[in-house]
Amino acid sequence: MLDLTYETPKPKVIAGATGDWELVIGLEVHAQVASKAKLFSGASTTFGAEPNSNVAFVDAAMPGMLPVINEFCIEQAVRTGLGLNAEINLRSAFDRKNYFYPDLPQGYQISQLYHPIVGEGEILVDMGPGVARLVRVERIHLEQDAGKSIHDMDPHMSFVDLNRTGVALMEIVSRPDIRGPEEAAAYVVKLRQILRYLGTCDGNMQNGNLRADVNVSICRPGDYEKYQATQDFSHLGTRCEIKNMNSMRFIQQAIDVEAKRQIALLEDGKEVVQETRLYDPDKGETRSMRSKEEAHDYRYFPCPDLLPLEIEQAWVDEIKASLPELPDAKRMRFVTEYGMTEYDASVLTADVDNATYFEVVATGRDGKLAANWVINELFGRLKKEDLDIGSSPVSAEQLGGIVELITNGEISGKIAKDLFEIVWTEGGDPANIVEARGMKQVTDTGAIETEVDRIIAENPAQVEKAKMNPKLAGWFVGQVMKATGGKANPKAVNDLVAAKLGL
């Protein structure tokens with residue numbers, strides 16, 4: 001295990017007219033459970049289906065229809081809790097959260113308030129090389145999603161799509177441990193990364209599969225330390241919740257805007273009202289959505305249609321034994337096993353698909369060289385072409401073949417780049433391409449020496465300059481490489497040029 005030292009980032013401080021203020025942030029992240037069926041019905045969760053086509057009778061709240069728990073969704077929630085080093089509650093229960101909304105056919109949401117399936121956990125949030133922040137997770141509870149109201153298809157009517165109704169969500173609630181906009185975004189990035197490694201949520205924010213409610217409050221310097229000592233939330237100021245954030249950039253912007261709004265209110269002698277707000281990125285402001293509800297406003301009570309959920313420790317242990325290697329452990333292993341920098345390891349492990357691709361390229365080969373090719377050549381080309389790793393024209397096996405040819409000395413770095421271009425555009429086996437097109441590196445020192453002697457003989461003035469300034473010997477190396485079509489072994493060329501010039 002790599003021994004890394006982590007430092008605690010300083011809180012974000014905003015200067016106001018009456019002095020400095022510090023930010024306090026907590027997040028409630030709604031992560032759609034990766035499951036083919038909904039939480040309480042067998043209806044499909046496929047995104048992009050025709051409106052109201054993925055709706056079972058229980059989703060539509062037809063009379064007499066009763067919910068049946070999807071065991072796989074329970075397993076996914078347990079898996080998530082274990083991945084966050086959280087306590088798994090062997091006994092949990094579902095409650096009804098009562099409120100009216102047009103796309104909530106039942107008139108209530110089945111959720112977990114009093115007895116969630118997952119208790120306290122933690123996430124180590126990366127803030128930069130050697131800098132991290134430990135954010136505590138208060139709980140994870142399961143609940144069903146609502147549908148979608150559509151207001152822009154007709155000037156006089158709204159439409160309702162119930163395809164999302166009943167889809168399983170994990171609400172992952174953090175403690176108010178986050179101290180700045182960048183840290184909040186980094187927290188969501190790290191959480192999304194872990195969920196994708198676990199396979200419990202695809203993290204697609206564009207499709208609404210991962211979205212965050214951001215709680216923002218402000219306090220004076222020193223008040224947060226008082227809260228930590230007493231656990232008295234009054235030290236943290238009145239919080240406001242910003243709903244349904246689905247962009248890292250917007251999360252940061254909304255926090256900054258809301259914090260400044262609260263500071264302006266307090267410094268003007270007014271109070272911050274606890275409420276739910278929405279962020280308008282076009283206007284760069286948050287606006288009131290509704291006054292903040294408390295639990296009693298929803299008239300929570302135990303769901304009469306579902307018995308308390310009881311699971312066995314043996315089943316939890318079985319799930320724990322099947323957990324994959326998570327990003328922090330994988331990053332540390334990449335550093336120690338492949339000898340790369342922590343930065344390169346972080347880049348390669350940022351996404352589970354990227355990490356898997358790299359391991360195929362690097363297995364049995366030079367890990368540092370493999371990392372260089374994946375990060376610089378492959379990722380650079382993918383970004384240029386606006387492609388993800390799953391759409392790469394060059395497979396991991398093909399890129400591994402190129403790395404192997406370089407390591408074996410069969411091709412030079414320059415030839416490798418030409419070969420990469422051929423494989424990218426035409427496909428094929430790299431070794432076969434090199435053989436068929438005569439791309440092998442010239443390693444015959446006799447042939448290389450002949451070219452070196454010729455170029456030195458033809459350029460006596462340049463020889464004198466190089467003897468006076470050895471750095472100019474690179475000109476001869478370049479001429480030899482050009483004369484051999486880039487096929488000469490660069491090390492052999494350098495050695496021979498230096499020897500011939502007496503450098």
Side-chain angles (χ1 to χ4, degrees), residues 1-2 4-12 23-34 76-89 116-142 169-205 209-216 224 227-228 245-248 251-252 255 319-320 323-333 342 345-346 349-352 355:
M1 184 68 71
L2 187 65
L4 297 175
T5 301
Y6 291 95
E7 300 174 4
T8 301
K10 294 181 180 179
K12 171 81 173 183
L23 277 172
V24 181
I25 303 160
L27 283 96
E28 301 168 8
V29 175
H30 294 82
Q32 179 177 322
V33 174
Q76 291 286 66
V78 171
R79 185 181 301 276
T80 299
L82 293 170
L84 301 183
N85 298 314
E87 175 188 359
I88 306 300
N89 296 322
I117 189 167
V118 177
E120 294 187 350
E122 61 186 27
I123 298 177
L124 194 62
V125 180
D126 304 308
M127 299 298 296
V131 180
R133 174 82 174 179
L134 186 68
V135 177
R136 297 170 296 164
V137 171
E138 179 181 324
R139 55 188 276 145
I140 302 175
H141 63 258
L142 277 168
L169 298 178
M170 296 177 288
E171 182 166 336
I172 304 167
V173 183
S174 82
R175 294 283 186 181
D177 291 348
I178 300 168
R179 307 304 311 280
E182 297 80 9
E183 190 179 331
Y187 169 86
V188 178
V189 168
K190 186 60 174 287
L191 177 57
R192 179 180 182 272
Q193 180 189 36
I194 294 172
L195 294 174
R196 283 179 48 79
Y197 267 75
L198 291 167
T200 57
C201 174
D202 66 16
N204 190 324
M205 300 185 81
N209 295 355
L210 189 78
R211 51 193 191 268
D213 298 341
V214 185
N215 288 282
V216 180
Y224 187 80
Y227 152 72
Q228 287 183 312
M245 306 298 299
N246 64 349
S247 157
M248 308 303 177
I251 285 173
Q252 294 183 69
I255 291 171
I319 296 172
K320 186 174 184 178
L323 292 182
E325 184 181 39
L326 294 177
D328 286 344
K330 189 179 289 289
R331 183 178 74 248
M332 292 179 182
R333 180 172 64 80
E342 186 181 350
S346 296
T349 58
D351 181 86
V352 63

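Only this structure's heavy atoms are used, side chains among them; waters, hydrogens and symmetry mates stay out. Values in this document were obtained by computation on a predicted structure and should not be read as measured data.
- At a threshold of 4.5 Å between non-hydrogen side-chain atoms, the residues Leu27 and Leu191 do not count as touching.
- To the nearest 0.5 Å, atom CD1 of residue Ile117 and atom CD1 of residue Ile140 are 9.5 Å apart.
- Residues Met245 and Met205 share a closest heavy-atom pair of O-CE, 4.2 Å.
- Partners of Tyr227 by ring pair (Phe, Tyr, Trp, His ring centres under 6.0 Å), not counting sequence neighbours, listed by chain and number: Tyr224, Phe233.
- For Leu134, the side chain to side chain contact (heavy atoms under 4.5 Å, CB included) test picks out Glu122, Leu124, with sequence neighbours left out.
- Applying the side-chain hydrogen bond (donor to acceptor under 3.5 Å, both in side chains) test to Ser174 and every residue at least two apart in sequence or in another chain returns nothing.
- Side-chain atoms of Leu169 and Gln32, non-hydrogen and from C-beta on, do get closer than 4.5 Å to each other.
- The side-chain contact (heavy atoms from CB on, under 4.5 Å) with Ile255 is formed by just one residue from the set Val214, Asn215, Ile178; it is Val214.
- Considering only residues two or more places apart in sequence or on other chains, Asn204 meets the side chain to side chain contact (heavy atoms under 4.5 Å, CB included) condition with Asp202, Gln206, Asn207, Asn209.
- Rounding to the nearest 0.5 Å places CD1 of Ile194 at 6.5 Å from CG of Asp328.
- A search for salt bridge (Lys or Arg N to Asp or Glu O under 4.0 Å) contacts involving Arg139 returns nothing, not counting sequence neighbours.
- The shortest side-chain heavy-atom distance between Met170 and Leu142 falls under the 4.5 Å cut-off.
- Inter-residue side-chain proximity for Leu195 and Leu210 is flagged as met; some heavy-atom pair is nearer than 4.5 Å.
- For Glu138, the salt bridge (Lys or Arg N to Asp or Glu O under 4.0 Å) partners at least two apart in sequence or on another chain are Arg175.
- Residues meeting the side chain to side chain contact (heavy atoms under 4.5 Å, CB included) test with Glu325, sequence neighbours left out: Ala329, Lys330, Arg333.
- The shortest non-hydrogen separation linking Ala86 to Gly119 is CB-O, 3.8 Å.
- The shortest heavy-atom contact between Ile172 and Ala31 is CD1-CB, 4.4 Å.
- Taking CD from Glu342 and CG from Asp126, the interatomic distance works out to 8.0 Å, rounded to the nearest 0.5 Å.
- Every residue two or more places apart in sequence or in another chain was checked for a side-chain hydrogen bond (donor to acceptor under 3.5 Å, both in side chains) with Arg192, and none qualifies.
- A search for side chain to side chain contact (heavy atoms under 4.5 Å, CB included) contacts involving Ala345 returns Arg331, Phe334, Val335, Met340, not counting sequence neighbours.
- The nearest pair of heavy atoms linking Ala184 to Ile25 is CB-CG2, 4.4 Å.
- At least one side-chain heavy atom of Leu198 sits under 4.5 Å from a side-chain heavy atom of Leu323.
- A donor-acceptor distance shorter than 3.5 angstrom exists from the side chain of Gln76 to the backbone of Gly199, with no hydrogens or angles considered.
- Looking at residues two or more places apart in sequence or on another chain, you find a side-chain hydrogen bond (donor to acceptor under 3.5 Å, both in side chains) between Asp213 and Lys243.
- Smallest separation of non-hydrogen atoms from Gln252 and Pro181: CG-O, 3.4 Å.
- Proximity of Thr200 to Val33: side-chain heavy atoms (C-beta onward) are nowhere separated by under 4.5 Å.
- A donor-acceptor pair under 3.5 Å links the side-chain atoms of Tyr197 to the main chain of Thr349, judged by distance alone.
- The distance from the CD atom of Glu171 to the CD atom of Glu28 is 5.0 Å, given to the nearest 0.5 Å.
- Residues satisfying the salt bridge (Lys or Arg N to Asp or Glu O under 4.0 Å) criterion with Arg136, sequence neighbours excluded, are Asp177.
- Remark: Arg79 CZ to Ile319 CD1 distance equals 6.0 Å, nearest 0.5 Å.
- Contacts of Lys12 classified as salt bridge (Lys or Arg N to Asp or Glu O under 4.0 Å), with partners at least two apart in sequence or in another chain: none.
- Side-chain contact check for Ile251 versus Val188: some heavy-atom pair is nearer than 4.5 Å.
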